[in-house]
Trainee: 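This is the structure, below, for whatever I ask next.
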There are 2 protein chains.
Amino acid sequence: MELGERKRKILEAIVTDYIETAEPVGSRTIAKKYLTDISPATIRNEMADLEDLGLLEQPHTSAGRIPSDRGYRYYVDQIMEIKYPSPQEIEKIKYMLQIQTINELDKIIKRTTKLISDITKYTSAVLTPSVRKSSIRSLQLIRVSDYDIVAVVVTDTGIIKNVVIKSPNAVDDSKILKLNNLLNEKLSGLTINDIGLTVISDIQSHMREYSEIFSAIISVVYESLKEDDAEVYLEGTTNIFEYPEYDDKDKAKTFLSFIEDKKLLTNVFAEDTNNFCVYIGCENENDKIKDCSIVKATYNIADKTAGTIGIIGPKRMDYARVIGILKSISNVLSEVFEKTL
Amino acid sequence: MELGERKRKILEAIVTDYIETAEPVGSRTIAKKYLTDISPATIRNEMADLEDLGLLEQPHTSAGRIPSDRGYRYYVDQIMEIKYPSPQEIEKIKYMLQIQTINELDKIIKRTTKLISDITKYTSAVLTPSVRKSSIRSLQLIRVSDYDIVAVVVTDTGIIKNVVIKSPNAVDDSKILKLNNLLNEKLSGLTINDIGLTVISDIQSHMREYSEIFSAIISVVYESLKEDDAEVYLEGTTNIFEYPEYDDKDKAKTFLSFIEDKKLLTNVFAEDTNNFCVYIGCENENDKIKDCSIVKATYNIADKTAGTIGIIGPKRMDYARVIGILKSISNVLSEVFEKTL
DNA sequence: GTCAGCACTCATTAATCACGAGTGCTAATC
DNA sequence: GATTAGCACTCGTGATTAATGAGTGCTGAC
């Protein structure tokens with residue numbers, strides 16, 4: 001859709017003002033604050049056109065205009081310029097994500113989540129990498145007692161996963177050692193999807209003597225690795241109370257109950273075909289968040305997309321700023337992982 | 001404080017009715033629903049006495065009475081009879097906590113948390129055991145690459161904890177094996193508090209050859225085990241919207257922001273001198289929850305108190321029922337752990 | 001094409017009033 | 001002396017009304 005220069009300016013003014021004030025924007029306001037050389041009457045005519053085009057809405061006759069979902073979309077795609085954090089701010093972000101004594105994946109991610117919600121003042125969600133998409137760096141069995149084994153899997157994405165196994169027969173250290181060597185040799189470097197019947201029966205052929213223990217172990221480990229285990233971290237859930245759109249109790253409840261359902265949340269923030277996405281209002285599939293917007297970006301570990309970071313908030317969102325922040329943090333995060341994992 | 005039989009009856013009626021309706025209770029209501037053989041006027045006199053005693057409050061002159069914090073306390077301590085779940089319900093709880101393919105500590109606890117909030121309709125919180133109070137069942141080092149080691153600690157309480165270690169020198173499998181044997185021999189059965197300088201230097205004396213690697217490892221592992229790592233699981237946070245006391249936006253916000261702060265939450269739900277506790281309103285130390293009540297109970301693993309389960313909700317809480325449920329679930333949980341860990 | 005002027009719409013706020021639930025007090029009754 | 005009927009009084013709630021003002025669409029002049 002091609003819009004004249006003046007219409008673009010007016011749409012921009014309305015989005016900007018509405019994002020700031022949360023009040024419908026009238027023609028007089030625009031004429032006074034944004035476009036001082038046009039009269040309110042002219043602006044009214046243009047606004048009527050923009051409403052016909054589906055880019056603006058009027059809550060009621062005697063109110064100003066607010067952007068429609070399509071209006072926000074047009075603003076994001078065609079008008080807005082991304083506001084990236086300043087170099088100083090980026091340094092600060094780097095600093096925040098690096099100073100930690102223990103560089104575990106979880107801690108870095110937890111910290112990132114908090115950082116995002118602190119900076120943006122929206123609710124942030126970060127998805128951890130999933131074992132399914134990682135490849136195995138090391139798989140080690142630990143004998144805890146005669147019948148208790150713990151399998152520890154370390155992936156190239158830094159995940160450490162423990163699987164508890166009850167063995168049908170007693171195991172001793174030498175058996176464990178043999179199994180360990182074999183499993184590591186055969187499985188390192190593979191992704192979960194690579195592990196198929198061929199690989200398993202190959203290992204099995206080398207392990208005839210312990211076949212019973214082996215099949216107990218391999219099935220539990222395989223099941224456990226196969227399940228979708230991407231976790232989602234949340235921060236700043238109470239930030240929504242700062243926005244008048246959630247003054248209504250039901251609105252707040254709907255939002256929070258969506259947020260509380262980790263399954264839904266994981267789906268929404270899961271990886272996309274693009275490594276950067278904005279969903280505005282009704283563009284969201286889930287009804288509960290049809291009046292929210294979501295911005296998300298992926299981050300990399302070991303040079304492949306591993307998880308996503310994102311925020312969820314009211315449609316009246318400072319897109320230019322939020323998008324700049326998320327893109328920057330996603331880069332910093334990928335860098336941090338490169339260094340520390 | 002000794003109360004006459006009639007005053008007890010009236011207090012009970014007021015608490016019961018107020019818990020059910022969330023409306024201040026008037027003398028007429030009591031006379032009609034609870035104590036049909038006394039006139040409203042008499043009840044009014046008694047209510048005035050109960051108010052003088054600090055057990056009742058009046059929101060405003062022309063309203064009925066509501067229980068004060070002390071009124072609830074008197075009810076809980078002296079009047080109420082705990083309502084335990086029926087045997088059938090307990091069977092159902094057992095069933096819910098047992099049917100899981102993988103019996104990991106986390107999963108059982110997560111499920112318990114959900115179960116509590118589902119049954120009680122309040123917000124539930126469950127604290128995991130802490131490594132600090134457990135003893136070490138097995139400590140195993142895994143060599144991931146030349147300089148990357150992961151230490152896996154399994155405790156008697158079923159915790160599996162991973163610690164990532166960057167070694168200053170390259171390590172090979174034989175070194176790891178020696179270290180493993182030694183560490184296991186020296187540390188199994190000890191609690192974190194047992195590990196002091198004596199133990200460490202004892203191990204060190206057996207490990208002169210690898211002293212550099214060893215001290216890198218032991219300090220990181222020790223630090224990591226020492227930190228307070230009890231996690232808190234939450235469920236049913238949006239349940240509060242069902243209760244009119246949180247209709248007010250600020251009330252809801254205060255509650256939810258308290259809930260969001262995992263540090264505060266952990267402190268509040270942390271173990272107590274008693275293995276069962278009720279905190280009503282201003283009995284809570286934290287100002288943010290001065291109009292909430294908390295009920296919590298401990299559960300056992302390996303015959304010692306390991307963590308706590310609890311709920312948080314409005315003071316107007318069905319104490320008799322909630323207490324019965326929590327006590328039962330705490331027992332079932334301890335049983336489940338005995339069987340599966 | 002632009003814009004001043006004007007009639008019209010409609011959400012918001014304050015003010016007023018009637019209603020009713022509930023109390024405390026007094027005086028009569030058991 | 002305890003109980004209770006009767007009554008005046010309090011005060012939150014909800015409905016009604018009216019004034020206000022922000023904003024629009026339309027007309028007609030420049």
Trainee: Using the test side chain to side chain contact (heavy atoms under 4.5 Å, CB included), find all partners of B:Glu260 that sit at least two apart in sequence or belong to another chain.
Mentor: A:Glu235, A:Thr237, A:Thr238

Trainee: Sequence neighbours excluded, which residues qualify as salt bridge (charged side-chain N to carboxylate O under 4.0 Å, His left out) partners of A:Asp247?
Mentor: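 For A:Asp247, the residues satisfying salt bridge (charged side-chain N to carboxylate O under 4.0 Å, His left out) (neighbours in sequence not counted) are B:Lys249.
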
Trainee: Using 0.5 Å steps for rounding, measure from the CG atom of B:Leu55 to the CG atom of B:Leu3.
Mentor: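 If we round to the nearest 0.5 Å, B:Leu55:CG and B:Leu3:CG are 6.0 Å apart.
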
Trainee: Indicate every side-chain donor-acceptor pair of residues 309-323 of chain B with a distance under 3.5 Å to a residue at least two apart or in another chain.
Mentor:
unit_1: B:Lys315; atom_1: NZ; unit_2: B:Asp69; atom_2: OD1; d: 2.7
unit_1: B:Arg316; atom_1: NE; unit_2: B:Glu245; atom_2: OE1; d: 3.0
unit_1: B:Arg316; atom_1: NE; unit_2: B:Glu245; atom_2: OE2; d: 3.1
unit_1: B:Arg316; atom_1: NH1; unit_2: B:Ile19; atom_2: O; d: 2.6
unit_1: B:Arg316; atom_1: NH2; unit_2: B:Glu245; atom_2: OE2; d: 2.7
unit_1: B:Tyr319; atom_1: OH; unit_2: B:Ser293; atom_2: OG; d: 2.6
unit_1: B:Tyr319; atom_1: OH; unit_2: B:Lys315; atom_2: O; d: 2.6
unit_1: B:Arg321; atom_1: NH2; unit_2: B:Ile119; atom_2: O; d: 2.6

Trainee: Any chance you could measure A:Thr308, atom OG1, to A:Asp272, atom CG, to the nearest 0.5 Å?
Mentor: 9.0 Å

Trainee: Quick one: which residue pairs count as a side-chain hydrogen bond (donor to acceptor under 3.5 Å, both in side chains) with a foot in residues 74-85 of chain B, not counting sequence neighbours?
Mentor: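 Those involving residues 74-85 of chain B are B:Arg73-B:Asp77.
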
Trainee: 5' to 3' on DNA chain D, which nucleotides open and close the contacts with chain B (atom under 4.0 Å from a heavy atom)?
Mentor: D:dT3 to D:dG12

Trainee: Can you tell me which residue pairs pass the side-chain hydrogen bond (donor to acceptor under 3.5 Å, both in side chains) test with a partner in residues 39-53 of chain A, sequence neighbours excluded?
Mentor: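 Listed by first then second residue: A:Arg6-A:Glu46, A:Lys7-A:Glu46, A:Lys7-A:Asp49, A:Ser27-A:Arg44, A:Ser39-A:Thr42, A:Glu51-A:Arg65.
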
Trainee: Of all of residues 52-61 of chain B, which get a heavy atom below 4.0 angstrom from DNA chain C, listed by number?
Mentor: B:Gln58, B:Thr61

Trainee: For DNA chain C, what residues of residues 10-29 of chain A have any heavy atom nearer than 4.0 Å?
Mentor: none

Trainee: Which residue pairs pass the ring-ring contact (aromatic ring centres under 6.0 Å, His included) test with at least one member in residues 234-275 of chain A, sequence neighbours excluded?
Mentor: A:Tyr122-A:Tyr243, A:Tyr246-A:Phe255

Trainee: For DNA chain C, determine which residues of residues 37-49 of chain B have any heavy atom closer than 4.0 angstrom to one of its atoms, and list them numerically.
Mentor: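 B:Arg44, B:Met47, in order of number.
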
Trainee: Would B:Leu234 and B:Thr113 count as a side chain to side chain contact (heavy atoms under 4.5 Å, CB included) here? Give the steps.
Mentor: CA-CA 7 Å; B:Leu234 258 190; B:Thr113 319; 5.5 Å; no

Trainee: To the nearest Å, how far apart are A:Glu5 CD and C:dG1 P?
Mentor: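 Rounding to the nearest Å, CD of A:Glu5 and P of C:dG1 are 18 Å apart.
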
Trainee: Please table the atom pairs, donor to acceptor, closer than 3.5 Å between any side-chain atom in residues 9-17 of chain B and protein atoms at least two apart or in another chain.
Mentor:
unit_1: B:Thr16; atom_1: OG1; unit_2: B:Glu12; atom_2: O; d: 2.5
unit_1: B:Asp17; atom_1: OD1; unit_2: B:Lys33; atom_2: NZ; d: 2.7
unit_1: B:Asp17; atom_1: OD1; unit_2: B:Tyr34; atom_2: OH; d: 2.6

Trainee: Quick check with a 6.0 Å cut-off and a 45 degree axis cone: is A:Lys296 positioned over the face of A:Phe276's six-membered ring?
Mentor: no

Trainee: Sort and list the pairs that fulfil salt bridge (charged side-chain N to carboxylate O under 4.0 Å, His left out) and have at least one residue in residues 116-125 of chain B, not counting sequence neighbours.
Mentor: B:Lys114-B:Asp118

